[in-house]
Amino acid sequence: MAEKPLRALVSSIAARGHLNCAIGFGHLLKKRGHKILFAQREVFRDMIERHGFEFIPFDEKVFGTEDTEPFNDWIRINSHIFRKDGVERYRNLTPKDRENFSGIVGDRPYVNKALANIFKKISNIDVVVTDVVSRLPSIDDSGIPHVSIMSLAPLDIYPNGVPAYAGFSKKDEAKFEDYRELYRDVWSVGTDQMREWFRSCGKDDWADEFDPWNFVNQKVELGFYHYAEDLDYHEFGPTYPNWYRVDFCVRESQKKFDIPSKLQNLPGKLIFFSMGSLASMDHEIMKMLLKVLSKSPHRFIVSTGACGDELELYDNMWGEPYVDQIAVLQTVDVVITHGGNNSLMETLYYGRPMIVIPYFFDQLDNAQRVEEKQVGRRINIWDFDEEKLLNTIEEVANSNEMRENVKRISQNMRKSTSREEAAKRIEKFVETKLQSKRKA
């Protein structure tokens, strides 16, 4: 335990999976007696305050007319790309496609300035803990000890691993170089923007070394990634230096989920279906999947997403735009998920076998890992087959092997001491920084 409680400023990018992981990390530190200040845009105040953290709002004037949840429009614009194979989606893109794809990096300067303003106003911050993916100059310039969180799947920090974000296995080695070229090409506009911005902030060394494969900052003084040890990529050797695993960083919920009356007397397994807050923006995919699930003999709890009012739910379904996922996971038999890393870890923590229908980025890697570790099955959007999904639901719902595998992983996650070890590392890291400052 630290000699005195730390004041930790926690933040993340404005996407709910990243926010949820950062919230889980806030709880990790709060349980050690530390004070948590959570900095984010005003639209997320309620989401954060309900966890008992002090909310520090970003200055909205910094953002102007910038979208409060920038990923939403980005998904709508790029949905035609994400419906394709993990490699083919990046082939033959137009200059406009590349520009649209790289648009997601456009909020970096705004977030950077918003944090800089907070550092000017609040002087007694002991440590900054962020899941902001790329580096931010304001954090570096603040001189405050900085801890990075990576809520994505960790392939990106395994230098000897398969390329991230394509859903590859070792058997796909013949595709690696082609994919690397395509991936660099699709990020070409964003790469140039990031390099130019870093130079404008006086970070020439950052600009010189930046490319799409290190959007996640590989050079950290202290960083933590969120992944169960049983799924981790040990076969690829060590991660980049100073990265440590936290086996679970699950949000807390004291609520109990009551099965809706509409479903209580229906037969079949109870199944949770969620494509996450981002992939659910693709209504064409959501409508297709819901129509197929309506033909299943099972019951479905559906997280419909921000635009859920525009979706039709069938007789064997009940849903809301945002359900209490933690409470639902403790009630259902099977989970059908997009495979976002936060949702994957929560599903494993509560010991539920799953079907992963990946949409983009690390979701594809997680879907592949679920298959490899026999805790579920993978269904691809780009070669989707109605009968295959319905048969896979039956397979997963009735597989003793998968049920035993997820039960074992759940037990191992719960027995893990990695959370306490992470908190101790942070405390030691901050104390070492303070001692160095006193000696200087």
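Along the sequence shown, the residues carry numbers beginning at 1. Note that the coordinates shown come from a computational prediction; the quantities given were computed from them, not determined experimentally.
Within 6.0 Å of OH on Y110 lie no more than 12 heavy atoms contributed by other residues, nucleotides or ligands. Heavy atoms from other residues, nucleotides or ligands lying under 6.0 Å from CD of E394 number more than 12. Enclosure of atom CD in E196 is not indicated, since only 12 or fewer non-hydrogen atoms of other residues, nucleotides or ligands lie within 6.0 angstrom. No more than 12 heavy atoms of other residues, nucleotides or ligands lie within 6.0 Å of NZ in K113, so this atom counts as exposed by the packing criterion. More than 12 non-hydrogen atoms from other residues, nucleotides or ligands lie less than 6.0 angstrom from CD of E235.
In terms of heavy atoms, G340 sits closest to N366 at C-ND2, 4.1 Å. Nearest heavy atoms, S296 versus N316: O-ND2, 3.3 Å. Across R419 and G24, no two heavy atoms sit closer than the pair NH1-O, 4.0 Å. Residue V105 comes nearest to G190 through the heavy atom pair CG2-CA, 4.1 Å, listed as atom of the first residue, atom of the second, then distance. F82 approaches R89 most closely through the heavy-atom pair O-NH2, 3.2 Å. Across all their heavy atoms, N380 and P358 have their closest contact at OD1-CG, 4.2 Å.
To the nearest 0.5 Å, atom CZ of residue R352 and atom OG1 of residue T337 are 14.5 Å apart. In this structure, OG1 in T130 is found 8.0 Å from CG in L115, a value given to the nearest 0.5 Å. Atom CD1 in I56 sits 11.0 Å away from atom OG in S11 (nearest 0.5 Å). Taking CD of E221 as the start and NZ of K433 as the end, the distance is 3.0 Å to the nearest 0.5 Å.
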Can you list the steps and then say if D140 with R135 is a salt bridge (Lys or Arg N to Asp or Glu O under 4.0 Å)? CA-CA 8 Å; D140 188 57; R135 296 178 176 182; over 6 Å; no
For D178 and K175, what are the C-alpha separation, side-chain angles and deciding distance, and is it a salt bridge (Lys or Arg N to Asp or Glu O under 4.0 Å)? CA-CA 6 Å; D178 180 36; K175 302 178 182 178; over 6 Å; no
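Salt bridge annotation for D383-K84: absent, with no cationic side-chain nitrogen under 4.0 angstrom from a carboxylate oxygen. Salt bridge status for D232 with K373: absent, with no side-chain N to carboxylate O gap under 4.0 Å. The pair E88-R91 meets the salt-bridge criterion, with a side-chain N (NZ, NE, NH1 or NH2) lying under 4.0 Å from an Asp/Glu carboxylate O. D185 has a carboxylate O that lies under 4.0 Å from a charged side-chain N of R98, or vice versa, which qualifies the two as a salt bridge. Ionic pairing of E312 and K291 is not present here: no N-O contact between side-chain nitrogen and carboxylate oxygen is shorter than 4.0 angstrom. A salt bridge is absent between D365 and R369: the closest approach of a Lys/Arg side-chain nitrogen to an acidic carboxylate oxygen does not fall below 4.0 angstrom.
For R16 and Y322, the positive end sits near the middle of the six-membered ring, less than 6.0 Å away and at most 45° from its axis. Geometric assessment of R245 against the ring of F224 yields a negative cation-pi assignment under the 6.0 Å and 45° thresholds.
For the pair D247 (side chain) and R414 (backbone), a donor-acceptor distance under 3.5 Å is absent.
Y165 has its ring centre less than 6.0 Å from the ring centre of F361.
Side-chain contact between L329 and F257 is absent, with no heavy-atom pair separated by less than 4.5 Å. Between N117 and F58, every side-chain heavy-atom pair lies at or beyond the 4.5 Å cut-off. Taking the side chain as every heavy atom from C-beta outward, V302 and W318 never approach each other to under 4.5 Å. In this structure, S303 and Q325 have side chains that are not in contact, with every pair of non-hydrogen atoms separated by 4.5 Å or more.
In this structure, W74 and F360 have tilted ring planes: the angle between them lies in the 30° to 60° band. Ring planes of W206 and F198: perpendicular class, angle over 60° (limits at 30 and 60°). Note on ring orientation: taking the six-membered ring where Trp is involved, the planes of Y227 and Y233 are parallel (angle under 30°, cut-offs 30° and 60°). The aromatic rings of W187 and Y183 sit perpendicular to each other, their planes meeting at more than 60°, with 30° as the lower class boundary.
If you check the side chains of T417 and E421, you find a donor sitting under 3.5 Å from an acceptor.
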